[in-house]
Participant: 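Submitted below is the structure of interest, expressed as C-alpha cells.
Being a predicted model, the structure only gives us computed values, none of them experimental. Each chain gets a letter, A, B and so on, in the order its sequence line appears, and its residues count up from 1.
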Number of protein chains: 2
Amino acid sequence: MAFTQRSEETRTAILTAARRRFAEDGYERATIRAIAADAGIDPSMVMRYYGSKDGLFAAAVDVDLDLPAVGDLPPERRAETLVRHFFALWEGERSSGVLTVLLRSAITNEAAAERMRDVFAGQVGTTLGPSTEEGTVRAALVATQLLGVALCRYILRLPQIVALDTEALVASLAPTVERYLTEPV
Amino acid sequence: MAFTQRSEETRTAILTAARRRFAEDGYERATIRAIAADAGIDPSMVMRYYGSKDGLFAAAVDVDLDLPAVGDLPPERRAETLVRHFFALWEGERSSGVLTVLLRSAITNEAAAERMRDVFAGQVGTTLGPSTEEGTVRAALVATQLLGVALCRYILRLPQIVALDTEALVASLAPTVERYLTEPV
DNA sequence: CGTGTTTGCCAACACTCGTTGGCCTACACT
DNA sequence: AGTGTAGGCCAACGAGTGTTGGCAAACACG
C-alpha cells in the first residue's frame with residue numbers, strides 16, 4: 001500500500017516513456033512492449049502499475065492546462081496573453097508532449113476525443129468569462145485557430161509553420177483570436 | 001487484363017468501403033477484414049485488387065482538391081470564395097469523406113502526413129498566386145485556420161462548431177483568411 | 001460446346017498485440 | 001535472523017492482424 005521510493009521511480013519512468021510513445025506514434029501504434037522497453041522494465045509491470053493500456057493512457061493525458069484568468073485583463077491584452085500562454089504550454093519542457101498526446105490520440109481514439117471535449121468545456125470555456133452560450137461559441141472559434149496551428153506545427157509539421165518563431169506566430173494569430181473574442185457573432 | 005464490368009463494380013465497392021472505414025477509424029484501426037465485409041466480399045480480394053493495405057490506402061486518399069483560381073478574382077472576394085469552396089469540398093457528397101481520411105490518417109501515419117504536405121504544396125500553395133516564399137507562408141497560415149476548423153468540426157466534433165451552419169462559419173472565418181492573405185507578415 | 005481466364009471463397013500461415021499467472025529476488029520490519 | 005510483502009522477469013495464452021496459395025464457380029470467346 002505504501003509507495004516505496006523505487007516503485008515511484010519506475011512509475012514515473014513508465015509514464016514518461018508512455019507520453020513519448022503516445023505522442024510519437026498515437027494510441028494504436030504505441031505498444032505496451034515498446035513503452036516498457038523504453039522504461040527499461042518488463043511489459044507486465046506496466047499492467048501491474050496502470051491496470052491496462054487504457055489506464056496508462058488516461059494517466060498519460062491527465063493534464064492541467066493551467067490557463068490564466070484572462071477575464072481580469074483589459075480586453076486588448078487578452079488575445080495576446082492567450083496565444084502566448086498556448087505556445088508556452090506546447091513548447092514548455094514541463095508538459096513534455098502531453099498536449100501532443102492528447103491531440104494526436106483524440107483523433108483516432110473516441111475516448112480521447114471525449115476527454116478533449118471535456119478539457120475544452122471545463123477549462124477553456126470557463127476561463128474566457130461567464131459560460132454563456134455566446135461565450136462558448138467564441139471560445140470554440142478560438143480553439144479552431146489554436147488547435148489548427150498546433151496541428152500544422154507539431155503534428156503535420158508544415159515547413160512554413162515550423163519555420164516561424166513563436167513571436168511571429170503570436171503576431172499573426174493574436175488579431176484573429178481578438179476578433180473571435182470581440183466581434184459580434 | 002481488360003476490366004470487366006463486374007470487377008470494376010467490386011473495385012469501387014472496396015474503395016467506397018475503405019474510405020468510410022479509414023475516415024471513421026483511422027488507418028490503424030480500419031481492418032482489411034472489416035472493409036471487405038462492408039463491401040460484401042472476401043478479404044483476399046482486397047489484396048488482389050490493391051496489392052496491400054498501403055496500396056488501398058494510397059488509392060483511398062488520391063484526391064483532387066479542384067481549387068478555384070482565386071488569383072483571377074478581385075482581392076476582396078478571394079477569402080470568401082476559398083472558405084466557401086473549402087466547406088463545399090468537405091461536406092460535398094462526391095468526395096465522400098476523402099478529406100476526412102486524409103486528415104485523420106495524416107495524424108497517425110507519417111506517409112499520409114507527407115502526402116498531405118505534398119497536396120498542400122502542390123495544390124494549395126500554387127493556386128494562391130505565384131509561389132514566392134511570402135505566398136507560401138500566407139497559404140500556410142490560411143491552412144492553419146481551415147484545417148483547424150475541419151479538425152474541430154469533422155473529427156473532434158466540438159459541439160459549438162458542429163452546431164454552426166456553414167454560412168455562419170464562412171462569415172466568421174472569411175475575415176481571418178482575408179487578413180492572412182493581405183496583412184503584411 | 002469446350003477451354004482458358006477471371007472472380008471469388010476458404011483455410012491457413014506468420015506475426016504482433018494486450019494481458020495473465022507463476023516464480024524468483026530484494027527489501028522492510030519485528 | 002526470520003518472515004512477509006512488494007518489485008521484477010519469464011513464458012505463455014488467446015485474440016486479431018495482414019497476407020498467401022489453392023481450389024470451385026462464373027464468365028468470355030473461339
Participant: Atom CD of B/Glu28 and atom C1' of C/dC17: how far apart are they, to the nearest Å?
Facilitator: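 Taking CD of B/Glu28 and C1' of C/dC17, I get 13 Å after rounding.
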Participant: Expected output is a numbered-order residue list: members of residues 45-54 of chain B with a heavy atom under 4.0 Å from any atom of DNA chain D. What is it?
Facilitator: B/Met47, B/Arg48, B/Ser52, B/Lys53
Participant: For B/Ala30, which contact category applies under a 4.0 Å heavy-atom criterion: base, sugar-phosphate, or nothing?
Facilitator: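 Answer is sugar-phosphate: B/Ala30 comes under 4.0 Å of backbone atoms only.
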Participant: Any pair with a residue in residues 147-158 of chain A that passes salt bridge (charged side-chain N to carboxylate O under 4.0 Å, His left out), sequence neighbours left out, goes on the list, sorted by first then second residue, please.
Facilitator: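 Passing the test, one end in residues 147-158 of chain A: A/Glu91-A/Arg153.
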Participant: Who pairs with B/Thr31 by side chain to side chain contact (heavy atoms under 4.5 Å, CB included), at least two apart in sequence or on another chain?
Facilitator: B/Arg33, B/Ala34
Participant: Check side chain to side chain contact (heavy atoms under 4.5 Å, CB included) between B/Glu24 and all other residues, then give those that pass, not counting sequence neighbours.
Facilitator: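 With neighbours one apart ignored, the set is B/Arg20.
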Participant: Find the distance B/Phe57:CZ to D/dG18:C1' and express it as a whole number of Å.
Facilitator: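 Taking CZ of B/Phe57 and C1' of D/dG18, I get 16 Å after rounding.
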Participant: Does B/Ser7 make a side-chain N or O approach to OP1 or OP2 of C/dT6 shorter than 4.0 Å?
Facilitator: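 No.
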Participant: For the helix from C/dC1-D/dG30 to C/dC23-D/dG8, what angle lies between the axis at the first five pairs and the axis at the last five pairs, to 10 degrees?
Facilitator: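 Answer rounded to 10°: the end axes differ by 10°.
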Participant: List for me each residue that meets salt bridge (Lys or Arg N to Asp or Glu O under 4.0 Å) alongside A/Arg21, sequence neighbours excluded, and say none if there are none.
Facilitator: A/Asp25, A/Asp38
Participant: Reading nucleotides 10-16 of chain C 5' to 3', which nucleotides get B (base under 4.0 Å from a protein heavy atom), which S (sugar-phosphate only), which -?
Facilitator: B-B----
Participant: Does a donor on one side chain sit under 3.5 Å from an acceptor on the other, for A/Ser44 and A/Asp42?
Facilitator: yes
Participant: Counting distance only, does the side-chain N/O of B/Thr132 pair as donor-acceptor with the main-chain N or O of B/Gly135 below 3.5 Å?
Facilitator: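 The answer is yes, because a donor-acceptor pair under 3.5 Å joins these two groups.
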Participant: For A/Tyr180, which residues count as a side chain to side chain donor-acceptor pair (under 3.5 Å) partner, sequence neighbours excluded?
Facilitator: B/Gln145, B/Thr176
Participant: Please, which pairs that meet ring-ring contact (aromatic ring centres under 6.0 Å, His included) have at least one residue in residues 141-160 of chain A, sequence neighbours excluded?
Facilitator: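 Every ring-ring contact (aromatic ring centres under 6.0 Å, His included) pair that includes a residue of residues 141-160 of chain A, provided the two are not neighbours, is A/Trp90-A/Tyr154.
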Participant: How long is the line joining CZ of A/Arg29 and C1' of D/dT17, in whole Å?
Facilitator: 15 Å
Participant: Between atom CD in B/Glu8 and atom C1' in C/dT7, what is the gap in whole Å?
Facilitator: 14 Å
Participant: Could you check how far CG of A/Asp25 sits from C1' of C/dC17, rounded to whole Å?
Facilitator: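 Distance check: A/Asp25 CG to C/dC17 C1' gives 14 Å.
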Participant: Scan the side chains in residues 67-85 of chain B for donor-acceptor partners under 3.5 Å anywhere in the protein, sequence neighbours excluded, and list what turns up.
Facilitator:
residue: B/Arg78; atom: NE; partner: B/Val70; partner atom: O; Å: 3.2
residue: B/Arg78; atom: NE; partner: B/Leu73; partner atom: O; Å: 3.2
residue: B/Arg78; atom: NH2; partner: B/Gly71; partner atom: O; Å: 3.4
residue: B/Arg78; atom: NH2; partner: B/Leu73; partner atom: O; Å: 3.4
residue: B/Glu80; atom: OE2; partner: B/Arg84; partner atom: NE; Å: 3.4
residue: B/Glu80; atom: OE2; partner: B/Arg84; partner atom: NH2; Å: 2.5
residue: B/Thr81; atom: OG1; partner: B/Arg77; partner atom: O; Å: 2.7
residue: B/Arg84; atom: NH1; partner: B/Glu167; partner atom: OE1; Å: 3.2
residue: B/Arg84; atom: NH1; partner: B/Glu167; partner atom: OE2; Å: 2.6
residue: B/His85; atom: NE2; partner: B/Leu65; partner atom: O; Å: 3.3
residue: B/His85; atom: NE2; partner: B/Asp66; partner atom: O; Å: 3.0

Participant: In whole angstrom, what separates A/Ile32's CD1 from D/dG14's C1'?
Facilitator: 17 Å
Participant: Using the test salt bridge (Lys or Arg N to Asp or Glu O under 4.0 Å), find all partners of B/Arg117 that sit at least two apart in sequence or belong to another chain.
Facilitator: B/Glu110
Participant: Please list all pairs passing the ring-ring contact (aromatic ring centres under 6.0 Å, His included) test where one or both residues lie in residues 8-33 of chain A, with sequence neighbours left out.
Facilitator: A/Phe22-A/Tyr27, A/Phe22-A/Phe57, A/Tyr27-A/Phe57
Participant: For A/Arg11 and D/dG8, give me the distance from atom CZ to atom C1', rounded to whole Å.
Facilitator: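 Nearest whole value for this atom pair: 15 Å.
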